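Throughout, residue positions are numbered sequentially from 1 according to the sequence presented. All values derive from a computational prediction rather than experimental measurement. The basis for the numbers below is simple: all heavy atoms, side chains too, and nothing from hydrogens, waters or symmetry mates.
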Amino acid sequence: MVVGKSLINEKLRGSMCGMKEIESEIERVSRDERSSHSVSSGILPALGVHSNRRVKLRPFIISYLDPRYRTWDTFLVVLVFYTAWVSPFEFGFNIGPNGPLSITDNVVNGFFAIDIVLTFFVAYLDKTTYLIVDDRKQIALRYAKTWLIFDVIATIPAEFAHKILPSNVESYGYVSLLRLWRLRRVGAMFQRLEKDRNYNYFVVRVLKLTFVVLFEVHFAGCFFYLLADRYPDPKKTWLGSSMADFHQEPLLDRYVISIYWSIVTATTTGYGDLHPVNTGEMVFDIFFVLFNLGLNSYIIGNMTNLIVQATFRTRKFREGLNAASSFAKRNHLPARLQDQMIAHLSLRYRTDSEGLQQQETLDALPKAIRSSILHFLFYSLVDKVYLFQGVSNDLLFQLVSEMQAEYFPPREDIILRNEAPTDLYILVNGAMELIKHRNGIEQVVGECKTGDVCGEVGVLCYRPQIFTVRTKRLSQLLRLNRTAFLNILQANVADGTIIMNNLLQHLKEQKDPVMQEILTDTEHMLAHGRMDVPLSLCFAASREDDLLLHHLLRRGLDPNELDSNGRNALNISASKGSLECVLQLLDYGANPNRRDSEGNVPLWDALLGDHEPVIKALVDNGATLSSGDVGQYACHAAEQNNIELLEKIIKFGGDITLLNSMGTTALHTAISEDNVEVVKFLVQNGADIDKVDVHGWTPRALAEYQGHEEINALFRTIGVDSEKQKTHHKSASLTLEMPEAPYLKKYSSEPTMPHMTPDQKTSNATEADLGGSHVRSGANSFQNSLAGIITTGMRQNEEISGHFVPPPDFVMPREHARVILRCTERDDVEGKLVLLPGNFQDLLDLGFQKFGFNPTKVLTKDGALIEELAVIRDGDHLFLAS
């Protein structure tokens, strides 16, 4: 994961740095004359990059794009031209180390030595990933594996080599010849010049070939003179045969004669008086002539094939620019439009013709791979767009798969005001301006940044575009075609309504009068059904738009359809109190007793909002509370201490004594919340204080456990025999062996809470008072709840003994005892935690239900036979056997 994040960060840094270079280059295009068409050598940012700021490299690291470093590199190229001339000259004419050239050589070597050190601090571009690498170790490792050794050898001073080599070896010329390694810099320079449209391509190519020929002639002339100079008999050489004592001739004359021979040989003109004499010279001439045959072929081939074929795209690009310039001049287009044309053609050439071909690469891939790539690059951005907040992941994936990434240069119009709405755009990086025209003057009324969307009003509301959208700098955008967008929404109606809600809410938040007018027109179109975007009944119900609802119902939409949250239109209308929408839905056959995903029926939603007209309409059409989770309704009212709501539940046929979906009753909830009045009301209306919930608690035991004295007193007045209850408790007394006792919770997210007895609670409180470390807090709903009391008791025990230990006199009512059942017949089945039944036969039947076999006896974990339930304690492990 860490490596992946590092790779992504490096990719972003490299891409952003390249994009900054392109911005400056394209902006320069608009400032230059339109006849100057240069192309920068930088790279485009990677797809999906969300920022265009220049990356900050690590300390003491130099960017290879830094203008100062490029100036230094150009200066070194000039020194390479000097090296290309002087090295063969010193080698051929045996120039010693004591002349003025040796001093100049050492100065030049010093500059290249500085460059060797500097290269260890220059970030480089990885050609395979287009990442800028600024890690010192990677820079040093790459340099060490490539050119370091050759650069060091080419920089060794000739005097130093002369001292360490044997005296009979003329080392100065040979060491000087090693410096020709630096010629690679000249090749890189000509590659850059060939791509720079500020220079004539043909002239650059001819210059390159000319330099190659001149170097070949110079090197061959110096080497051919070396053959004559080192030959034992000077008279039997090509130079001595015509010039008896040529060593006494001036150095310049000897150099001119050598160059003359080299030129006439290279051009195959003929030798005349200068020709090879001895065998060594003839062998050299044979290879030299053969080399010239290849060089001549190379030159001719370059003048025809290279320039014609390799520059086809460049020539086509130039022809396009010339045609655009001629068109603009012929039609007297404004300068701004001319600049936009040139900038757009230049950027398109960069994306299509310099090896990137991003869109072509994506189009060539299968749809599944293309969708996965787009999902990886753009999903996180599209997910944050306001228009798509709340929609499903499926819809987002489909939308991203249909989007196309495009680059736009600075100051280019993306959308024109009043043009037909065909596309919407999402800004990936860069910036755009929203422009309005007032009295013929352009006024900037807004700005789009990364993640903003433009053109959505025209696409969704199908009206002419209201703004001109223009880029401020080089920008990358995602384009989504309107037709493809609406086709996707046709299959995702629920998501389409969410998108329309987001758009309308966005329009409401705008203070611009134009936006408010659009909002009014859009709502009017919605009300009359003149929208291409598919809408659901829930959308109309949420907006309380009875006209739109009527139109959708007439289309044949299902009045009972559910939205993404599991609610139907009748639930939504009832909760909002929209009587007109409720009546229309009922007229078209909506089920008044259909439950939503949370167990709510429309009548309950209306009761919560206290919408009397809606309540009456629902009841008149057969709506009842009994179709929903009445137990949950009662628990909600008890938790809110709302007796009036409980009365309404009873009035409309609800049984407030039922268990809710969590397995508890309203009476349990009221006791947990210490709502005494609600407890009285529930008891008066039939709530059973001895009814056991799914967790094994009765209201009486819960009140006693939580220490609610007033509620306990109320229960005692009902006529329960307290002595019988006490005896019952003693007969089932036990101690806990583990903190996994029954718990009471209203929601599945609440933590498990072990049992505590009133004696234990009193004991803990006494110990806390004696310790003097606890101050009684003010009453609040948490401390009065079961969770608050249990947490306090457990914290006190933990502070005293370090862990929770039940007191010795702790007893557990028989109906609360839990045991773990295991099967001796099947070792692969895990134990089952169950409540202890009331008799022995029920225990055997429970074993059949849990394990699928008929047990006949119950054993302890030690193998003892159990014949009576009275000997079973809470937490025992029971083994069922046949």
Side-chain angles (χ1 to χ4, degrees), residues 68-122 143-144 146-190 207-208 210-230 239 246-247 249-259 262:
R68 293 170 294 182
Y69 179 75
R70 288 198 165 188
T71 302
W72 167 260
D73 192 58
T74 304
F75 171 69
L76 292 181
V77 171
V78 176
L79 299 182
V80 171
F81 280 106
Y82 165 80
T83 302
W85 176 82
V86 76
S87 292
F89 183 75
E90 291 176 342
F91 172 71
F93 289 88
N94 195 22
I95 304 299
N98 299 321
L101 288 179
S102 64
I103 299 176
T104 308
D105 287 346
N106 290 331
V107 173
V108 172
N109 289 338
F111 285 112
F112 282 100
I114 294 173
D115 184 69
I116 292 176
V117 177
L118 192 63
T119 305
F120 284 98
F121 300 92
V122 178
Y143 189 35
T146 51
W147 318 126
L148 176 61
I149 296 177
F150 300 99
D151 288 345
V152 171
I153 293 175
T155 313
I156 296 177
E159 293 81 1
F160 177 75
H162 182 70
K163 290 180 179 180
I164 63 176
L165 293 176
S167 58
N168 59 344
V169 177
E170 297 180 3
S171 59
Y172 189 84
Y174 291 106
V175 173
S176 178
L177 202 63
L178 294 176
R179 298 170 190 160
L180 294 178
W181 161 251
R182 300 168 184 167
L183 287 173
R184 63 185 177 86
R185 293 178 179 268
V186 178
M189 180 200 70
F190 276 110
L207 270 177
K208 180 179 178 179
T210 301
F211 279 119
V212 171
V213 172
L214 290 178
F215 175 76
E216 181 242 6
V217 168
H218 171 69
F219 186 89
C222 294
F223 193 87
F224 204 57
Y225 177 82
L226 178 67
L227 295 176
D229 184 58
R230 304 289 176 87
L239 191 56
F246 63 90
H247 288 96
E249 296 294 327
L251 180 61
L252 180 61
D253 292 347
R254 286 179 279 164
Y255 177 72
V256 171
I257 294 174
S258 299
I259 295 301
S262 181

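By the ring-ring contact (aromatic ring centres under 6.0 Å, His included) test, F81 is found to be paired with F211, residues two or more places apart in sequence or in another chain being considered. Legend: residues meeting ring-ring contact (aromatic ring centres under 6.0 Å, His included) with F120, ordered by chain and number and at least two apart, are Y143. In this structure D151 satisfies the salt bridge (charged side-chain N to carboxylate O under 4.0 Å, His left out) test together with R184, sequence neighbours excluded. With sequence neighbours excluded, no residue forms a side-chain hydrogen bond (donor to acceptor under 3.5 Å, both in side chains) with Y69. Residues forming a ring-ring contact (aromatic ring centres under 6.0 Å, His included) with F246 (at least two apart in sequence, or on another chain): none. Listed by chain and residue number, nothing satisfies the salt bridge (charged side-chain N to carboxylate O under 4.0 Å, His left out) test with R254 (two or more places apart in sequence, or in another chain).
A salt bridge does not link R182 to D115: none of the charged side-chain nitrogens sits closer than 4.0 Å to a carboxylate oxygen.
More than 12 heavy atoms of other shown residues, nucleotides or ligands fall within 6.0 angstrom of atom CG in L118.
Contact annotation: the side chain of F215 approaches that of P88 to within less than 4.5 Å [non-hydrogen atoms, C-beta and beyond]. In this structure the side chain of Y225 never reaches within 4.5 angstrom of the side chain of Y255, judged on heavy atoms. Within the 4.5 Å cutoff, no side-chain heavy atoms of R179 are placed close to those of V86.
Each of F93, F224, F89 was compared with S258 under the side-chain contact (heavy atoms from CB on, under 4.5 Å) criterion, and only F93 meets it.
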(request) Kindly determine whether D105 and Y82 satisfy side chain to side chain contact (heavy atoms under 4.5 Å, CB included), including the steps that lead there. (result) CA-CA 9 Å; D105 287 346; Y82 165 80; 2.9 Å; yes
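Taking the six-membered ring where tryptophan is involved, the planes of F223 and F219 are essentially parallel, since the angle between them stays under 30° and well short of 60°.
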